[in-house]
Amino acid sequence: MEWKSEYSLGIPKVDEEHAKFLRLISNLESAIELNVGPQIVLVALAQLKRFAKDHFEAEEVVMRVHGYKQMAEHVEAHRNFIKQMDEIEQRTLNNLQGREPMLDYLRVWFTEHLFGADREFAESMLEARQG
Ligand SMILES: [Fe+2]
Ligand SMILES: [Fe+2]
């Protein structure tokens, strides 16, 4: 999965973070697909999770400051992503199968979230700046 210009939401800091987010998802995918062993998968998971949490928090701070109306829904979507990461982590630690559909979930989540909730959020922030 690679960054494409159509992923840009018009706020450079957010775009940079999303590009990094995507790179970390790709790293995790490679670690699982190449079957490099649980240690490396766990490191890739930890990196993605740490970055995702920071990124979500940064978005949520801006939402709070602006009294963003769709905040509760958006925060819920962020929480679901973290839950799914925790589930992949558990499966990795316990050597369980079934991580591939979860990776699909992460990929689909990322693009749907970006083109849905994040785009709405970015548009509303850009409008607020102009107004
Ligand atoms: Fe985001
Ligand atoms: Fe978001």
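Read the numbers this way: they start at 1 and go in the same order the structure lists the ligands and their atoms.
The heavy-atom pair separating Phe115 from Glu6 by the smallest distance is CE2-O, 3.5 Å.
With respect to the salt-bridge test (charged N to carboxylate O, under 4.0 angstrom), the residues Glu57 and Lys53 do not qualify. Asp86 has no carboxylate O lying under 4.0 Å from a charged side-chain N of Lys83, or vice versa, which leaves the two without a salt bridge.
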Quick one: side chains of residues 19-28, donor-acceptor pairs under 3.5 Å with protein atoms, not counting sequence neighbours, listed by atom name and distance.
residue	atom	partner	partner atom	Å
Ser26	OG	Met1	O	2.9
Ser26	OG	Leu22	O	3.2

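Less than 2.8 Å away from the Fe ion (ligand 1), the protein contributes these N/O/S atoms: His18 NE2, His55 NE2, Glu59 OE2, Asp118 OD2.
Ring pair Phe56/Phe81 is perpendicular by interplanar angle, where above 60° counts as perpendicular and below 30° as parallel.
Donor-acceptor pairing under 3.5 Å is lacking for the side chains of His74 and Glu120.
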